[in-house]
Amino acid sequence: MDRQDREKSLPVLAVVAATGEVLARPELHEGLLAPWERRRLDRIRVPARRDDVLAARLLVRLCVARFTGLPLDASGPEQHCAECGRDGHGRPRLDGRPGLGVSISHADGLVAAAVGPGPVGVDVEPASRRPGPPSALRRLLPEADLREAAARPDPGPELLRLWVRGEALFKAGGGTGLGLLEWTDGAREAVVAVAAEAPVALFTASLRFPDPGPAGTAPDGPGG
């Protein structure tokens with residue numbers, strides 16, 4: 001089996017972590033970033049947000065290196081916006097591996113990354129967050145789902161889960177063949193979703209990368 005066939009047969013690898021967990025790893029450092037990524041960091045004036053962006057860029061390298069066997073310094077995704085033609089934003093992709101999808105998310109001290117065959121999208125939000133305003137929710141979510149959530153005594157948690165799922169699906173391209181996994185990481189008070197065509201056989205709340213279990217399971221158990 002050649003490299004492309006092997007990678008197509010693997011499950012999606014998705015990881016959620018606290019920003020501090022990623023930045024505490026000595027092998028993950030700012031020197032791994034591309035020049036355009038460092039320039040982006042230099043423009044961020046809020047230290048906590050800068051840490052989140054840095055941790056997300058480093059975590060995706062860790063995931064790509066684990067999935068592909070590439071060294072960390074060769075595992076950074078490229079980003080190119082098809083609409084404006086500029087680099088540095090747009091959907092991430094891996095150079096030389098068109099069959100693999102990659103996705104990144106960060107929010108208020110939490111980061112997530114995913115890599116695997118076909119389209120992949122990941123999103124993470126603090127469990128205490130309440131998405132809005134309604135106009136933004138309507139752009140992403142079906143009206144029927146919003147009405148059902150609004151009918152609950154406390155619609156906030158359900159709206160958040162809908163938002164995280166919608167963001168993951170959007171990042172994966174929104175195709176009809178996408179599967180979706182969503183869970184709450186109780187240890188990090190995070191709501192996470194992964195969208196992909198391939199099975200998500202490994203999603204872990206740690207950075208230990210255990211061996212994949214059966215499709216749709218988490219070997220070390222997402223918290224909560």
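Model, not experiment: these values are computed from the prediction.
The heavy-atom pair separating I104 from A56 by the smallest distance is CG2-CB, 3.4 Å. The nearest pair of heavy atoms linking R130 to G156 is CD-CA, 3.3 Å. When all heavy atoms of V102 and V64 are compared, the pair lying nearest together is CG2-CG2, 4.3 Å. In terms of heavy-atom proximity, A196 sits nearest to V200 at CB-CG2, 4.4 Å.
Side-chain heavy atoms closer than 4.5 Å link hydrophobic residues (I, L, V, M, F, W, Y) into clusters, and following such links, even through other members, never connects W183 to L160. Side-chain heavy atoms closer than 4.5 Å link hydrophobic residues (I, L, V, M, F, W, Y) into clusters, and following such links, even through other members, never connects V191 to L59. V15 and V164 sit in two unconnected hydrophobic clusters of ILVMFWY residues. Membership requires side-chain heavy atoms under 4.5 Å apart, directly or through other members.
Rounded to the nearest 0.5 angstrom, E78 CD and R91 CZ are separated by 15.5 Å. For the atom pair CG of L72 and CD of E27, the computed distance is 6.5 Å after rounding to the nearest 0.5 Å. Atom CZ in R93 sits 12.5 Å away from atom CG in L100 (nearest 0.5 Å). Between the CD atom in E7 and the OG atom in S9 there is a gap of 9.0 Å [rounded to 0.5 Å]. Taken from CD in E21 to CZ in R25, the straight-line distance is 9.5 Å, to the nearest 0.5 Å.
Qualifying side-chain contact (heavy atoms from CB on, under 4.5 Å) partners for A24, counting only residues two or more places apart in sequence or in other chains: none. Looking at residues two or more places apart in sequence or on another chain, you find a side chain to side chain donor-acceptor pair (under 3.5 Å) between R57 and E37, Q79. For R147, the side-chain contact (heavy atoms from CB on, under 4.5 Å) test picks out E143, A144, with sequence neighbours left out.
Heavy-atom contacts from other residues, nucleotides or ligands closer than 6.0 Å to CD of E158 number more than 12.
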Original post:
Yes or no on side chain to side chain contact (heavy atoms under 4.5 Å, CB included) for T19 and D108, after CA distance, side-chain angles and deciding distance?
Top reply: CA-CA 9 Å; T19 292; D108 297 344; over 6 Å; no
**OP:** Check the pair L33 / L54 against side chain to side chain contact (heavy atoms under 4.5 Å, CB included), numbers first and verdict last.
**Re:** CA-CA 9 Å; L33 301 189; L54 173 60; 3.6 Å; yes
**OP:** Starting from the C-alpha separation in whole Å, work towards a yes-or-no answer on side chain to side chain contact (heavy atoms under 4.5 Å, CB included) for L70 and R97.
**Re:** CA-CA 12 Å; L70 290 170; R97 281 176 158 82; 3.6 Å; yes
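Side-chain contact check for L62 versus V22: every heavy-atom pair is 4.5 Å or farther apart. Within the 4.5 Å cutoff, side-chain heavy atoms of P77 are placed close to those of V60.
Of the possible polar contacts, none joining the D52 side chain to the A107 backbone as a donor-acceptor pair under 3.5 Å is found. Between the R165 side chain and the E182 main chain, no donor and acceptor come within less than 3.5 Å of each other.
Within the hydrophobic cluster formed by Ile, Leu, Val, Met, Phe, Trp and Tyr side chains joined at under 4.5 Å, directly or through other members, W163 is accompanied by L137, L140, L141, L146, L159, L162, F170. Through direct or relayed side-chain contacts under 4.5 Å between Ile, Leu, Val, Met, Phe, Trp and Tyr, L180 connects to L169, L178.
Salt-bridge annotation for E30 and R50: present, with a side-chain N of the basic residue lying under 4.0 Å from a carboxylate O of the acidic one.
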Hey, can you pull the donor-acceptor pairs under 3.5 Å for the side chains in residues 110-128, sequence neighbours left out?
| from | atom 1 | to | atom 2 | distance (Å) |
| --- | --- | --- | --- | --- |
| D123 | OD1 | S105 | OG | 3.2 |
| D123 | OD1 | K171 | NZ | 3.3 |
| E125 | OE1 | R129 | NH1 | 2.5 |

